[in-house]
Amino acid sequence: MAAKSGYTRPLPLAGDTAPPPPSAVLYVANCGPAVGVTDADVRSVFGAFGKVAGVQAADDSGARIIVRFHEPAAAEAAMAALHGRPCDLLAGRVLHIRYSVPVKPKARPGGSVPVALVASELGIPGIYMVQEFVTAAEEQELLSAVDSKTWKRLAKRRVQHYGYEFLYETRNVDSKQFLGELPTFVSTVLEKIASFPGVKDCTTRLVDQLTVNEYPCGVGLSPHIDTHSAFEEMIFSLSLAGPCIMEFRKYTKGSWRAPSVVNGVDEDSSQEAECIRKAIFLPPRSMLLMSGEGRYAWHHYIPHHKIDAVGGQVIRRNSRRVSFTFRKVRMGPCDCEYKQFCDSHSKRC
């Protein structure tokens with residue numbers, strides 16, 4: 001049966017060979033306007049068994065309909081009297097009837113997690129976001145600049161590294177392999193970062209490493225925490241071209257463990273089901289700062305979706321998304337207070 005009507009066949013219970021129990025909804029074949037049967041005819045015939053709540057087309061054929069009763073007992077009586085038998089009130093037409101049930105709605109992108117539009121709605125310490133951090137013209141200049149450079153292809157996306165190369169196999173960097181200063185095309189972004197909300201007083205450069213990621217339509221990122229020993233506290237992520245939802249997860253029983261990465265694809269290393277989930281919408285040209293607890297103790301994750309549900313609206317990911325992630329390479333072990341998620345602490349134990 002076509003699910004276009006919003007109804008489908010009831011599924012039998014697992015291991016049960018008996019027919020499904022009666023439903024208040026019937027799917028009726030060989031009945032409808034294409035075979036000369038009007039809604040008034042249907043209501044007259046089926047109304048003899050109980051109050052009819054509604055009649056609608058089951059598909060585009062015009063010869064199959066859905067009849068909804070208020071009570072399953074009425075549908076059961078109609079099924080017993082009319083299924084497979086000539087109906088005198090319909091010029092002897094033989095109806096083919098079976099029970100029907102509403103189609104279960106598909107889970108919406110992001111599940112049941114509310115999607116915040118501003119960082120303050122998340123309630124995660126250390127997470128900040130500024131919308132329209134760069135102008136549309138600056139966005140195009142940044143995209144043109146990286147598109148003129150050489151991309152490195154991974155399994156599901158393309159990347160570029162500046163300052164230091166990020167090593168996906170270990171989710172770390174080789175601090176002895178300096179690639180050079182950050183490119184001049186991000187100079188404006190670096191100037192704006194210095195006045196970003198949540199940035200603490202810093203006597204050294206805020207960032208010295210940049211990873212540019214290009215995500216094709218619908219491609220996301222597995223849940224992970226940027227390795228503590230690899231980078232300092234503040235991580236900035238500038239979203240360009242396409243939007244996405246970023247989800248944050250705090251695993252109550254989780255701890256740091258060596259990551260598993262295959263061809264640049266980070267696999268989900270957090271298998272515990274118990275976690276707190278929060279999400280935020282990242283529109284194009286927005287800058288996100290992860291610091292403190294939000295950087296050290298919460299996994300961040302971009303679901304693999306072609307569409308996202310945001311504030312009752314459907315946002316389509318119908319273009320690529322390019323992110324500029326700015327970080328500062330750590331030159332020694334991490335000494336944060338979030339030992340549970342810290343690889344430096346794990347190595348000392």
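Being a predicted model, the structure only gives us computed values, none of them experimental. Any value given below was found using the heavy atoms of this structure, including those in side chains, with hydrogens, waters and symmetry copies removed. Throughout, residue positions are numbered sequentially from 1 according to the sequence presented.
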**Asked** Taking C-beta and beyond as the side chain, do Val134 and Thr188 meet within less than 4.5 Å on heavy atoms?
**Response** no

**Ser144 side chain to Gln140 backbone, donor-acceptor under 3.5 Å** = yes

**Asked** Got a salt bridge between Glu293 and Lys250, using NZ or NE/NH1/NH2 to carboxylate O under 4.0 Å?
**Response** yes

**Prompt:** Do Arg157 and Glu214 sit within salt-bridge range, that is, some charged N less than 4.0 Å from a carboxylate O?
**Reply:** no

**Electrostatic pair Lys328:Glu232 at N-O distance under 4.0 angstrom** = no

Which pairs of donor and acceptor atoms, one on a side chain in residues 174-187, lie under 3.5 Å apart (sequence neighbours left out)?
from, atom 1, to, atom 2, distance (Å)
Asp174, OD1, Lys176, N, 3.0
Glu181, OE1, Arg205, NH1, 2.8
Ser187, OG, Thr184, O, 2.8

**Message:** So Met290 and Ile127, do their side chains get closer than 4.5 Å, heavy atoms only?
**Reply:** yes

**Message:** Arg64 vs Asp60, test: salt bridge (charged side-chain N to carboxylate O under 4.0 Å, His left out). Steps then yes/no.
**Reply:** CA-CA 8 Å; Arg64 290 179 281 270; Asp60 295 330; over 6 Å; no

**Request:** Under the side-chain contact (heavy atoms from CB on, under 4.5 Å) rule, what do Arg321 and Ser323 come out as? Steps first, then yes or no, please.
**Result:** CA-CA 7 Å; Arg321 174 177 175 268; Ser323 68; 3.9 Å; yes

**Message:** Under 4.0 Å between a side-chain nitrogen and a carboxylate oxygen: does that hold for Asp343 and Lys339?
**Reply:** no

**Prompt:** Do NZ/NE/NH1/NH2 and the carboxylate oxygens of Arg317 and Asp308 come within less than 4.0 Å?
**Reply:** yes

**Complete:** Taken to the nearest 0.5 Å, the spacing of Leu238 CG from Leu289 CG works out to 12.5 Å

**Prompt:** Any Lys/Arg nitrogen of Glu247 or Arg277 sitting under 4.0 Å from an Asp/Glu carboxylate oxygen of the other?
**Reply:** yes

**Request:** Could you tell me the separation between the NZ atom of Lys278 and the CZ atom of Phe248, rounded to the nearest 0.5 Å?
**Result:** 11.0 Å

**Message:** So, taking the atom named CZ in Phe324 and the one named CG in Leu142, what distance separates them when rounded to the nearest 0.5 Å?
**Reply:** 5.0 Å

**Prompt:** Can the positive tip of Arg327 be found less than 6.0 Å from the middle of the six-membered ring of Phe166, inside 45° of the ring normal?
**Reply:** yes

**Complete:** To the nearest 0.5 Å, atom OG of Ser319 lies from atom CG of Leu240 at 11.0 Å

